Amino acid sequence: MSRPRGTHVRLSAVLAGVVLVAAACGPGGGGGVADGPSQSAAASAAPTVTGDVVVQAAASSTDAFVEIGDAFEAAHPGASVVLNVAGSQSLATQILDGAPADVFASADDAQMARVAAEGLVGSTPRVFATNELAIAVAAGNPLGITALEDLADPDVVLVLAAPEVPAGAYAARALDVAGVAVTPASLELDVRAALSKVELGEADAAIVYASDLVTAGDAVEGIPVPADVDVVAEHLIAVLAEAPNPDGAAAFVDHVLDPASQATLERHGFTGGAGR
């Protein structure tokens with residue numbers, strides 16, 4: 001599988017070949033009849049998935065989708081998953097600007113709606129996972145941060161994802177519900193960039209997804225956001241209307257929703273029932 005490099009990956013040209021399995025049946029000699037069972041089995045066979053399947057995936061799902069993509073390729077030896085990971089708002093903009101892609105996996109419904117409004121979503125968006133918010137702090141929590149209210153302390157260097165990024169929008173809603181006003185030191189283009197600031201010691205805290213903490217380094221630990229102010233994030237996936245590889249796209253969406261992939265997502269810190 002083409003591995004994501006950083007948070008932005010140039011999309012390669014998509015060359016997708018779809019091989020349809022033809023019904024294999026033939027008349028018998030001298031008034032014989034067609035082989036009924038073979039005809040039925042062949043007619044119902046699914047298209048063989050081949051070629052690149054280009055997936056626009058929210059940065060928060062990077063690690064899980066690398067694993068899910070590997071499993072997809074193992075199940076479809078003729079296919080190759082090409083991941084393009086970034087903030088969902090950047091991915092939506094790329095799609096709207098005509099970037100060739102097969103699947104969009106967004107961290108919220110707002111960015112999916114942007115794409116759908118232009119007629120570029122080709123299947124009903126499905127919730128493939130949910131996520132919760134958490135406060136990322138340095139290992140050992142040297143500042144003793146225990147709640148969102150602590151992030152308002154002017155001595156705390158706080159970074160957030162930008163408001164147009166799903167993680168930033170979710171964080172803003174949680175802070176608003178908690179009645180906490182903050183002054184972030186920076187607003188990042190995706191949630192992984194916000195987390196990285198804490199990992200590198202450039203910030204004291206960031207509001208991220210619980211799933212981000214599963215794959216974070218030892219330099220970071222998490223403080224749960226209380227349930228009464230937490231905002232549950234819904235991650236949606238859909239086939240794109242102009243997908244160069246529509247059969248590959250549909251197969252990949254089904255793959256993400258299957259039990260094995262759901263278990264992978266859970267191992268990476270995601271929660272919730274998929275397929276809604």
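This structure is a prediction, so every number in the text was calculated from the model and none was measured.
- Without hydrogens or angle criteria, Gln89 side chain to Pro163 main chain gives no donor-acceptor distance under 3.5 Å.
- Cluster membership check: Phe270 does not share its hydrophobic cluster with Leu213, using side-chain heavy-atom separations under 4.5 Å among Ile, Leu, Val, Met, Phe, Trp and Tyr.
- Here Asn141 contributes atom CG and Asp204 contributes atom CG; the two are 10.0 Å apart, rounded to the nearest 0.5 Å.
- More than 12 heavy atoms of other shown residues, nucleotides or ligands fall within 6.0 angstrom of atom CD in Glu202.
- Environment of CG in Asp218: sparse, with no more than 12 heavy atoms of neighbouring residues, nucleotides or ligands closer than 6.0 Å.
- Taking CD1 from Ile223 and CD1 from Ile145, the interatomic distance works out to 7.5 Å, rounded to the nearest 0.5 Å.
- Taking the side chain as every heavy atom from C-beta outward, Arg267 and Thr264 approach each other to under 4.5 Å.
- Taking the six-membered ring where tryptophan is involved, the planes of Phe65 and Phe252 are perpendicular, since the angle between them exceeds 60° and thus also 30°.
- Criterion: ILVMFWY side-chain heavy atoms under 4.5 Å apart, direct or through other members. Under it, Val231 and Val127 are not part of a common hydrophobic cluster.
- Taking the six-membered ring where the residue is Trp, His255 and Phe72 present perpendicular rings, their angle passing 60° and hence far from 30°.
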Pair Leu151-Ile207, side chain to side chain contact (heavy atoms under 4.5 Å, CB included): steps then yes or no: CA-CA 10 Å; Leu151 303 180; Ile207 299 179; 3.9 Å; yes

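- The heavy-atom pair separating Gly87 from Ala59 by the smallest distance is N-CB, 4.5 Å.
- Here Met112 contributes atom CE and Arg126 contributes atom CZ; the two are 12.0 Å apart, rounded to the nearest 0.5 Å.
- Remark: side-chain polar atoms of Gln111 are not paired, donor with acceptor, to backbone N or O of Val165 under 3.5 angstrom.
- In the hydrophobic cluster analysis, where Ile, Leu, Val, Met, Phe, Trp and Tyr join through side-chain heavy atoms closer than 4.5 angstrom, Val256 is grouped apart from Val214.
- In this structure, the separation between CG on Asp108 and CZ on Arg114 is 10.0 Å, given to the nearest 0.5 Å.
- Counting heavy atoms from C-beta on, the side chains of His235 and Asn131 come closer than 4.5 Å.
- With no hydrogens or angles considered, a side-chain donor-acceptor pair links Thr146 and Asp150 at under 3.5 Å.
- Among all heavy-atom pairs drawn from Val220 and Ala136, the shortest one is CG1-CB, 3.8 Å.
- Between the Ser261 side chain and the Ile68 main chain, no donor and acceptor come within less than 3.5 Å of each other.
- Under a hydrophobic clustering in which Ile, Leu, Val, Met, Phe, Trp and Tyr are joined whenever their side-chain heavy atoms come within less than 4.5 Å, directly or via other members, Val159 and Val137 fall into different clusters.
- With rounding to the nearest 0.5 angstrom, the OG atom of Ser60 is 12.5 Å from the NE2 atom of His268.
- Taking both residues in full, the closest heavy atoms of Glu188 and Lys197 are given as OE2-CE, 3.2 Å, listed atom of the first, atom of the second, then distance.
- Distance CG/Asp212 to OG1/Thr62: 8.5 Å, rounded to 0.5 Å.
- Closest non-hydrogen pair, Leu133 versus Ala174, comes out as CD1-CB, 3.8 Å.
- Minimum interatomic distance between Pro100 and Val54 (heavy atoms only, all atoms of both residues): O-CG1, 3.8 Å.
- Closest approach of Glu221 to Ala138, counting heavy atoms only: CG-O, 3.8 Å.
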Full working for side chain to side chain contact (heavy atoms under 4.5 Å, CB included) between Asp52 and Asn245: CA-CA 7 Å; Asp52 287 346; Asn245 189 351; 5.8 Å; no

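- Side-chain atoms of Thr130 come within 3.5 Å of backbone atoms of Thr271 as a donor-acceptor pair (strictly under, hydrogens ignored).
- In this structure, Val157 is not a member of the same hydrophobic cluster as Val208, with clusters built from ILVMFWY side-chain heavy atoms closer than 4.5 Å.
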Worked verdict on Val81 versus His76 for side chain to side chain contact (heavy atoms under 4.5 Å, CB included): CA-CA 10 Å; Val81 176; His76 304 281; over 6 Å; no

Steps toward side chain to side chain contact (heavy atoms under 4.5 Å, CB included) verdict (Leu91, Phe104): CA-CA 8 Å; Leu91 298 173; Phe104 183 28; 3.8 Å; yes

